[in-house]
Novice: 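Once you've had a glance at the structure underneath, I'll fire off some questions.
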Protein chains: 2
Amino acid sequence: MAERAKYTMRDVARLAGVSTSTVSAVINESVVVSPKRKERVLAAMSALDYQPDAIARSLKTGRSNAIGVIVPDITNAFYPEVIRGVEVAAQAAGYSVLLCDSSEDRAIEERHLTALFSRRVDGVILACCVNSRATEQIARRNIPVIFIDRLPPSRAVYSVCTDNVAAGQLAAEHLLGLGHKRIGMLAGHMGLSPHHDRLEGFRKAMQEAHLPILDEYLIAGNVQVEDGVEAGHRLLGLPTPPTAILASNNKLLLGVLQAVEERNISIPKDLSVLGFDDYLWNMHFSPGLTAVAQLTGDIGRKSFELLHQLIQNPPTDDTAPTHMLIPAELRIRNSTARR
Amino acid sequence: MAERAKYTMRDVARLAGVSTSTVSAVINESVVVSPKRKERVLAAMSALDYQPDAIARSLKTGRSNAIGVIVPDITNAFYPEVIRGVEVAAQAAGYSVLLCDSSEDRAIEERHLTALFSRRVDGVILACCVNSRATEQIARRNIPVIFIDRLPPSRAVYSVCTDNVAAGQLAAEHLLGLGHKRIGMLAGHMGLSPHHDRLEGFRKAMQEAHLPILDEYLIAGNVQVEDGVEAGHRLLGLPTPPTAILASNNKLLLGVLQAVEERNISIPKDLSVLGFDDYLWNMHFSPGLTAVAQLTGDIGRKSFELLHQLIQNPPTDDTAPTHMLIPAELRIRNSTARR
DNA sequence: CAATATTATCGTAACGTTTCGCTTGACAGC
DNA sequence: GCTGTCAAGCGAAACGTTACGATAATATTG
């Protein structure tokens, strides 16, 4: 009984009494085939439980119907949500997804790209790592690539990102609207475009409110929980500490919360805090955490759609790449309050 | 400049003045080739920036060096951690990962399996959905499949899972050790083996402590946050409510926490709570949440290792499949206290 | 009814590798 | 110098598809 069902188009053709071309025609509906024959072919196919070999097809057609997705760290809850958006859209369009994790390491990212190209993926969705050199590698091939979330040093690429400048502004304006004037920010890693842009949005909002940004209220650097703890203590230990803190990602926010806990400060009475990215558990903290949410599913879905479009309709070399901006959404809970 | 670097083995062979067989031999180190020629071939390869075509190779060799991974919901934080373990191990062994999300839907799961088989993956790692019929589909092929996290109705498959019976027991014994006697459990979905097994472990521990399990303390059914809220209220509204609650997954736990919040009950003074799965933010809640952690990275890594072994060394039909159990780990924080 | 247009189907040559049997040339033994 | 051995390298045939030109069968026209 353990026969391996490994039939080829030839077997189907023989059983149906037609040529392989006809079987192929039936499968791909590429040319019209008479109803009686079509019937026979379909019957033969299901009798043998025949599945076309995607590998052979790819070799012949030059298209793999697969795309690559590279993210720097899939355990960062942001990416699975994006990936799900990509996956669902890809699946609906008949594409498979090759997933790669670069561990925020340039060399690994490059290896993944090489492997994906070697597998002849039809396109790539890339959340590049810090100091990525991916653009150089991509320039040598002729495969469409969409950058998501993060932009490479040269921003001249197709991209789908949250409008982080607007997001930073939105966050700051929320706090300003609540009467805060002394606002601190854990700005994250300036080599990462989202952090860079959020800071720019923050600056813009403060400028428009004619408020200065004190140097000591701005802490940039790393992005882990411990970094948040340290920076939180630094801000809260100042002679005149800020009345509100903006944390540029969720790990920094957790760090701030820990510092707050350790100093027995009460949120939102003594301090308002606000983070970027919004996850299920944010609303289950007490108090619930106010956050600027990214529409992760949309980023995923739209980046696939853009990629798909590029695959079907390759751009000429002189068309400028598209930048798609996804709006961010303020979700007000109880960690921010009137000053 | 926009030349597409699309060279084949023939181009390399021509440039190096050898036959394609020799190029192939150099690449695969399959047969020995003289140093001078090897040198010439390597030079030609790098001169043309040649990359072997994985598709053509697969067609010829019958091996794709790719595996499929299917999970029911990649936004459930458990799976990304597992996937990362798989990804890293796979990458190290030269395999690529095709990721699929079944949305907990049997039909989608089946479609994904079909697509993976059609792509001739060398193996599959599968966290199957409720009432999965995957086993039937797999039986017809001859491709190794490892079930992870969840077992299908017929448990006669290769699997890598947390030892959930032990985990349930561990959780219950921790509470019993703290002096709790009235322990409630949100047992989750009995059609899912982890939940089923955790309940069994809980039962075992209670039995060994010679304590009864009251019917009204046991709530099984769904697994979402809202289900947790409702069940939490039901337990806490009892004339004699439990002094401790076990939640069989993290969403149910969040639900319980919400119910607790709404009833102004204090953890751990009035109630101890304990969940399964442990995530970054668990320790940042106040109080920090005690949990039985699964070693997600290990599950991923070991499932790939087992799969790899099966790929290289296909089992004969009469060898019984292996079940690998990964231990769980109790992480004590402040949501559980002495009664 | 011959000549032509229209289908429906088929045979065959790729796609870029790997594999395997065969040739070639060098060299040792007699 | 002749044969026999042995490496090293080569040519050609696959792997399972698709696509294209050719062909056979049928329908349409003057």
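Throughout, a chain's letter reflects where its sequence line sits, starting with A, and its residues are numbered from 1.
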Novice: Do the side chain of B:Asp122 and the main chain of B:Ile67 share a donor and acceptor less than 3.5 angstrom apart?
Specialist: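 Looks like no, no N/O pair under 3.5 Å.
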
Novice: Where along residues 14-33 of chain B does a heavy atom fall under 4.0 Å from DNA chain D?
Specialist: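 Output list: B:Val18, B:Ser19, B:Ser21, B:Thr22, B:Val32, B:Val33.
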
Novice: Without decimals, in angstroms, what is the distance between A:Leu59 CG and D:dC15 C1'?
Specialist: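 Interatomic distance, CG of A:Leu59 to C1' of D:dC15: 9 Å.
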
Novice: Can you tell me if the side-chain N/O atoms of B:Tyr50 get under 4.0 Å from OP1 or OP2 in C:dG16?
Specialist: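 For C:dG16, neither OP1 nor OP2 has a side-chain N or O of B:Tyr50 closer than 4.0 Å.
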
Novice: Return yes if a side-chain donor-acceptor contact under 3.5 Å exists between A:Thr316 and A:Asp318, otherwise no.
Specialist: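 Per modelled atom types, A:Thr316 and A:Asp318 side chains form a pair under 3.5 Å.
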
Novice: Can you tell me if B:Lys60 touches the phosphate of D:dA13, counting only side-chain N or O atoms and a distance under 4.0 Å to OP1 or OP2?
Specialist: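 For D:dA13, OP1/OP2 do not have a side-chain N/O of B:Lys60 under 4.0 Å.
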
Novice: So, the side chain of A:Gln137 versus the backbone of A:Glu110: is there a donor-acceptor pair under 3.5 Å, distance only?
Specialist: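 Such a contact is found between A:Gln137 side chain and A:Glu110 backbone.
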
Novice: Between B:Asn65 (CG) and C:dT18 (P), how many Å, whole number?
Specialist: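 To the nearest whole Å, that distance equals 11 Å.
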
Novice: If you pin B:Ala56 and B:Lys36 to their nearest nucleotides in DNA chain D, which one's is more 5'?
Specialist: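 Its nearest nucleotide being more 5', the pick is B:Lys36.
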
Novice: To the nearest angstrom, how far is B:Arg10 atom CZ from C:dC15 atom P?
Specialist: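 In whole Å, C:dC15 P and B:Arg10 CZ are 7 Å from each other.
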
Novice: Using atom types as modelled and distance alone, determine if a side-chain donor or acceptor of A:Ser64 lies under 3.5 Å from a backbone N or O of A:Arg120.
Specialist: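 Side chain of A:Ser64 to backbone of A:Arg120: a pair is present.
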
Novice: More than 12 foreign heavy atoms under 6.0 Å from CD of A:Glu29: is that the case here?
Specialist: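 Result for CD/A:Glu29: open.
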
Novice: Report, one pair per line, the protein and nucleotides 23-28 of chain D atoms (nitrogen or oxygen only) whose separation is under 3.5 Å.
Specialist:
none

Novice: Without decimals, in angstroms, what is the distance between B:Lys38 NZ and D:dA7 P?
Specialist: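 My rounded result for the distance is 17 Å.
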
Novice: Please confirm whether the shortest side-chain N or O distance from A:Arg57 to OP1 or OP2 of D:dG16 is below 4.0 Å.
Specialist: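 A:Arg57 to D:dG16 OP1/OP2: no side-chain N or O under 4.0 Å.
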
Novice: Rounding to an integer number of Å, can you tell me how far B:Met45 CE sits from C:dT17 P?
Specialist: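 Interatomic distance, CE of B:Met45 to P of C:dT17: 10 Å.
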
Novice: Just how far, in rounded Å, is P of D:dC15 from CG of A:Asp53?
Specialist: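 Going from CG in A:Asp53 over to P in D:dC15 covers 12 Å.
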
Novice: Would one find a side-chain N or O of B:Arg40 under 4.0 angstrom from OP1 or OP2 of D:dG9?
Specialist: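 Checking D:dG9 against B:Arg40, no side-chain N or O comes under 4.0 Å of OP1 or OP2.
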
Novice: Look at the side chain of B:Ser34 and decide which nucleotide, out of D:dG9, D:dG16, C:dC10, has an atom nearest to it.
Specialist: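 Nearest to the side-chain atoms of B:Ser34, counting from C-beta on, is D:dG9.
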
Novice: May I have all residue pairs that pass salt bridge (Lys or Arg N to Asp or Glu O under 4.0 Å) and include part of residues 295-315 of chain B, sequence neighbours excluded?
Specialist: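 Only B:Asp298-B:Arg301, B:Arg301-B:Glu305 qualify under salt bridge (Lys or Arg N to Asp or Glu O under 4.0 Å).
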
Novice: Atom CE of A:Met9 to atom C1' of C:dG11: distance rounded to whole Å?
Specialist: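 After rounding, the reported distance stands at 12 Å.
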
Novice: Any donor and acceptor pair, going by atom type alone, linking the side chain of A:Glu104 with main-chain N or O of A:Val130 inside 3.5 Å?
Specialist: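 Yes.
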
Novice: Considering just the side-chain nitrogens and oxygens of A:Arg37, establish if one lies under 4.0 Å of OP1 or OP2 belonging to C:dT9.
Specialist: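 So the side-chain polar atoms of A:Arg37 do come within 4.0 Å of the phosphate oxygens OP1 or OP2 of C:dT9, strictly under.
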
Novice: How many whole angstroms separate atom CD of A:Gln51 from atom P of D:dT17?
Specialist: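 After rounding, the reported distance stands at 10 Å.
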
